[in-house]
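For reference, the structure is listed below as C-alpha cells.
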Amino acid sequence: SIIYRPPSYQNSDFFNDLDIILNKYPTNNIIVGDMNVNLLDYNATSTKEYKDLLTLNGYVIVNKINSANATRVTDHTSTLVDHVICNTTIKSRCKIEVEDTPLSDHRKLFLDVREKINQNKEKMYIQHKHLHIKKFKEKFINLINVTEVDSFLDLIEIITKAKQES
C-alpha cells in the first residue's frame with residue numbers, strides 16, 4: 001500500500017483511518033508513504049501515538065531511525081517522515097536504503113523485499129527490455145487515473161500494463 005498524509009490532515013483522523021487500513025490487512029502487508037510523522041522527534045505525542053498504533057496492530061517500522069536516514073533534509077531541519085512499515089512476520093525480509101535525489105525535496109527510499117527461495121529449484125533468468133521512462137510515465141499516469149486501485153496487486157497490474165505499452 002502507498003499512503004500520503006498531507007500535513008493539514010489531523011493526527012487523530014489520520015490515526016483512525018490508518019487503524020482501519022492496518023486491521024484490514026493483518027498479514028503480509030507493506031505500507032510505504034509520506035506519513036508526516038517525524039520519527040526523529042522521539043518525544044512528540046504524535047510519534048508515540050503512531051508507534052503505539054503500529055505495535056497494537058502487529059506492524060513495525062522498517063526505517064533505521066536516526067538522522068543519517070532522515071528522509072527530508074533542508075538547511076535547517078532533518079526529519080524522517082517517509083516510512084516503510086510492515087507486519088512483524090515479514091520485517092526480517094525487508095530492507096531499505098535512503099539516498100539523495102534531485103527529483104524531490106524528500107530523499108528516495110529503496111525497498112528490498114527478499115522472498116524465501118527454495119534452494120532446490122532451477123534458476124530462472126528474466127530478460128528485461130529497455131524501458132522508455134517518459135512513455136512509461138505517461139501510460140502509468142493515464143492508467144492510474146482511470147483504474148480503481150484496491151490492492152497492491154492492482155497497482156502491480158497497472159505497472160505491468162504501462163511497461164508493456166511503453
Side-chain angles (χ1 to χ4, degrees), residues 1-114 133 136-159 162:
S1 303
I2 300 172
I3 294 177
Y4 170 68
R5 176 193 165 219
S8 60
Y9 195 13
Q10 295 297 311
N11 285 335
S12 59
D13 294 335
F14 173 65
F15 294 152
N16 286 333
D17 291 343
L18 183 59
D19 188 46
I20 292 167
I21 293 168
L22 298 179
N23 278 294
K24 187 174 181 181
Y25 303 102
T27 60
N28 295 323
N29 192 29
I30 299 171
I31 299 173
V32 179
D34 181 349
M35 308 297 184
N36 276 305
V37 174
N38 183 11
L39 296 176
L40 297 178
D41 192 358
Y42 306 104
N43 296 318
T45 302
S46 59
T47 303
K48 291 176 183 177
E49 289 175 358
Y50 176 72
K51 287 178 164 184
D52 288 346
L53 174 66
L54 296 178
T55 301
L56 290 171
N57 283 286
Y59 278 75
V60 292
I61 299 165
V62 180
N63 299 66
K64 297 173 192 163
I65 303 175
N66 58 48
S67 58
N69 288 287
T71 57
R72 187 163 189 278
V73 179
T74 69
D75 291 338
H76 306 289
T77 62
S78 290
T79 57
L80 203 164
V81 293
D82 304 293
H83 308 162
V84 175
I85 60 174
C86 67
N87 306 102
T88 54
T89 55
I90 59 173
K91 183 187 189 300
S92 62
R93 297 182 3 222
C94 297
K95 179 184 174 192
I96 64 167
E97 296 293 327
V98 181
E99 290 185 10
D100 292 329
T101 178
L103 301 174
S104 172
D105 63 336
H106 292 243
R107 297 174 75 203
K108 61 186 169 187
L109 293 175
F110 288 99
L111 172 62
D112 179 17
V113 181
R114 293 181 182 89
I133 196 69
F136 169 77
K137 185 177 176 184
E138 290 171 2
K139 295 288 183 182
F140 177 78
I141 290 170
N142 289 339
L143 288 168
I144 202 79
N145 286 331
V146 297
T147 308
E148 187 173 329
V149 179
D150 294 322
S151 69
F152 187 68
L153 291 176
D154 291 343
L155 184 60
I156 296 297
E157 194 173 302
I158 291 169
I159 292 169

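Below, each value reflects all heavy atoms present in this structure, side chains not excepted, and no hydrogens, waters or symmetry copies.
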| message | Which heavy atom of K48 sits nearest to which heavy atom of Y42, and what is that distance? | response |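 Minimum heavy-atom contact is CE-O, 3.8 Å.
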Distance, nearest 0.5 Å, that separates [atom1] of [X] from [atom2] of [Y]:
{"X": "Y59", "Y": "I30", "atom1": "OH", "atom2": "CD1", "value": "9.5 Å"}
{"X": "I20", "Y": "F15", "atom1": "CD1", "atom2": "CZ", "value": "14.0 Å"}
{"X": "I96", "Y": "K108", "atom1": "CD1", "atom2": "NZ", "value": "14.0 Å"}
{"X": "M35", "Y": "I61", "atom1": "CE", "atom2": "CD1", "value": "9.0 Å"}
{"X": "T77", "Y": "L40", "atom1": "OG1", "atom2": "CG", "value": "10.0 Å"}
{"X": "I141", "Y": "K137", "atom1": "CD1", "atom2": "NZ", "value": "5.5 Å"}

| message | My understanding is that only one of T71, D100, T101 makes a side-chain hydrogen bond (donor to acceptor under 3.5 Å, both in side chains) with R107; could you say which? | response |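 Exactly one pass, corresponding to D100.
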| task | Test R5 against every option in N11, D34, N36 by the side-chain hydrogen bond (donor to acceptor under 3.5 Å, both in side chains) rule and name the one that passes. | result |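 Among N11, D34, N36, the one meeting side-chain hydrogen bond (donor to acceptor under 3.5 Å, both in side chains) with R5 is N11.
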Flag side-chain contact, heavy atom, 4.5 Å: [X] against [Y]:
{"X": "I90", "Y": "R93", "result": "yes"}
{"X": "D82", "Y": "V98", "result": "no"}
{"X": "L80", "Y": "N38", "result": "yes"}
{"X": "I3", "Y": "I21", "result": "yes"}
{"X": "R114", "Y": "D112", "result": "yes"}
{"X": "I158", "Y": "F140", "result": "yes"}
{"X": "V32", "Y": "S1", "result": "no"}
{"X": "L22", "Y": "I85", "result": "yes"}

Just by distance, do the side chain of [X] and the backbone of [Y] share a donor-acceptor pair under 3.5 Å?
{"X": "D13", "Y": "Q10", "answer": "no"}
{"X": "T79", "Y": "V81", "answer": "no"}
{"X": "T47", "Y": "D41", "answer": "yes"}
{"X": "N87", "Y": "T89", "answer": "no"}

| request: Just say parallel, tilted or perpendicular for the rings of F14 and Y50, cut-offs at 30° and 60°. | output: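 Plane angle under 30°, so parallel.
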| said: Run the side-chain contact (heavy atoms from CB on, under 4.5 Å) test on N69 and N66 for me, step by step, so that the C-alpha distance in whole Å, both residues' side-chain angles and the decisive distance to 0.1 Å come before the verdict. | reply: CA-CA 6 Å; N69 288 287; N66 58 48; 2.8 Å; yes
| request: Count the heavy atoms belonging to other residues, nucleotides or ligands that lie under 6.0 Å from NZ of K95, then report whether that count exceeds 12. | output: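 No.
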| request: Look at atom CD of E99 and say whether more than 12 heavy atoms of other residues, nucleotides or ligands are closer to it than 6.0 Å. | output: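 Counting neighbours around CD of E99, more than 12 heavy atoms of other residues, nucleotides or ligands fall under 6.0 Å, so yes.
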| query | D19 and N57: side-chain donor and acceptor closer than 3.5 Å? | reply |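 Present: a donor and an acceptor within the cut-off.
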| request: Please check if any side-chain donor atom of H83 sits under 3.5 Å from a side-chain acceptor atom of N63, or the reverse. | output: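 Per modelled atom types, H83 and N63 side chains form no pair under 3.5 Å.
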| task | State plainly whether the residues R72 and D105 are in salt-bridge range, i.e. N to O under 4.0 Å. | result |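 Yes, this pair counts.
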| field | Audit row: C86, I31, side-chain contact (heavy atoms from CB on, under 4.5 Å) steps and yes/no | value | CA-CA 6 Å; C86 67; I31 299 173; over 6 Å; no
| query | What do the steps show when you test I65 against K51 for side-chain contact (heavy atoms from CB on, under 4.5 Å), and what is the final call? | reply | CA-CA 12 Å; I65 303 175; K51 287 178 164 184; 4.2 Å; yes
